[in-house]
Amino acid sequence: DARVTQTPRDKVTEMGQEVTMRCQPILGHNTVFWYRQTMKQGLELLAYFRNRAPLDDSGMPKDRFSAEMPDATLATLKIQPSEPRDSAVYFCASGLPSRNEAFFGQGTRLTVV
Amino acid sequence: GENVEQHPSTLSVQEGDSAVIKCTYSDSASNYFPWYKQELGKGPQLIIDIRSNVGEKKDQRIAVTLNKTAKHFSLHITETQPEDSAVYFCAASINDYKLSFGAGTTVTVRA
């Protein structure tokens, strides 16, 4: 059963610390998305990649957030330094090249105290 | 950018009854409309989608309708069951893969 895998599932960190979230997209999917979910804002697109190249990261605070795809099987989202307002569930999703579908992982619940 | 509005925000139905969720979108260029179901502690799961060249699509107890002229689309769940209880999200996108999500509808199916 192909699925998007995210690690860690939960992360509690202190303000100012660096946080790295990882995602393994479904094999064969060449489009990867990062979404953030909060009660207030709902699901927001932070960034997305196609063939490992960033296509749009306009939803991401540039001063502290960065997203990369070191290879086709790994996507990372890094926050440095983290702030309490970054507390949210971060989802990675991947999609097929010829369709608009996005398949989501289980998410990383981030709490910054 | 695309703006998707979703109603109602909460919906309580008796088991066996139907549930209907409605969404409107702003960008007439949008051509892909998926629906996601999110259970507690899990990621959104794609349950059905419709593209702008189709007016209606059905998959067992779930159906989606699209009215391009009015720029709205709806999710219909028939014969609801307790396992249908979840948060449902509609979304819309143009071919650039950017999904704009509605705010979500919390559906509760009463046994």
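Every chain is numbered from 1 and lettered A, B, ... according to where its sequence line falls, protein lines coming before strand lines.
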Check your understanding: Checking B:Asn67 side chain against B:Ala70 main chain: does a donor-acceptor pair fall under 3.5 Å?
Key -> yes

Point to revise | Those residues of residues 105-113 of chain A, ordered by number, that approach chain B below 4.5 Å (heavy atom to heavy atom) | key: A:Gly105, A:Gln106

Check your understanding: Does anything in residues 6-28 of chain B pair up under side-chain hydrogen bond (donor to acceptor under 3.5 Å, both in side chains), and if so which pairs, sequence neighbours excluded?
Key -> B:Glu2-B:Ser26, B:Gln6-B:Thr105, B:Ser12-B:Arg110, B:Gln14-B:Arg110

Point to revise | Donor-acceptor under 3.5 Å (A:Asn51 side chain, A:Ala53 main chain) | key: no

Review point. Hey, is the main chain of A:Ile79 close enough, under 3.5 Å, to the side chain of A:Arg64 for a donor-acceptor pair?
Key: no

Practice item. Answer with side chain, backbone, both or neither: which region of B:Pro34 has an atom nearer than 4.5 Å to a non-hydrogen atom of chain A? Key: neither

**Study point:** Part of A:Gln37 within contact of chain B (heavy atom distance under 4.5 Å)
**Key:** side chain

Practice item. Check whether B:Gln45 gets within reach of chain A through its side chain, its backbone, both or neither, counting any heavy atom under 4.5 Å. Key: neither

Check your understanding: With A:Met15, which of A:Pro81, A:Ser82, A:Pro84 fulfils side chain to side chain contact (heavy atoms under 4.5 Å, CB included)?
Key -> A:Pro84

Exercise for review: For the pair B:Lys57 (side chain) and B:Arg51 (backbone), establish whether a donor and an acceptor sit closer than 3.5 Å, ignoring hydrogens and angles.
Suggested key: no

Point to revise | Parallel, tilted or perpendicular, as decided by the 30° and 60° cut-offs, for the rings of A:Phe104 and B:Phe101 | key: perpendicular

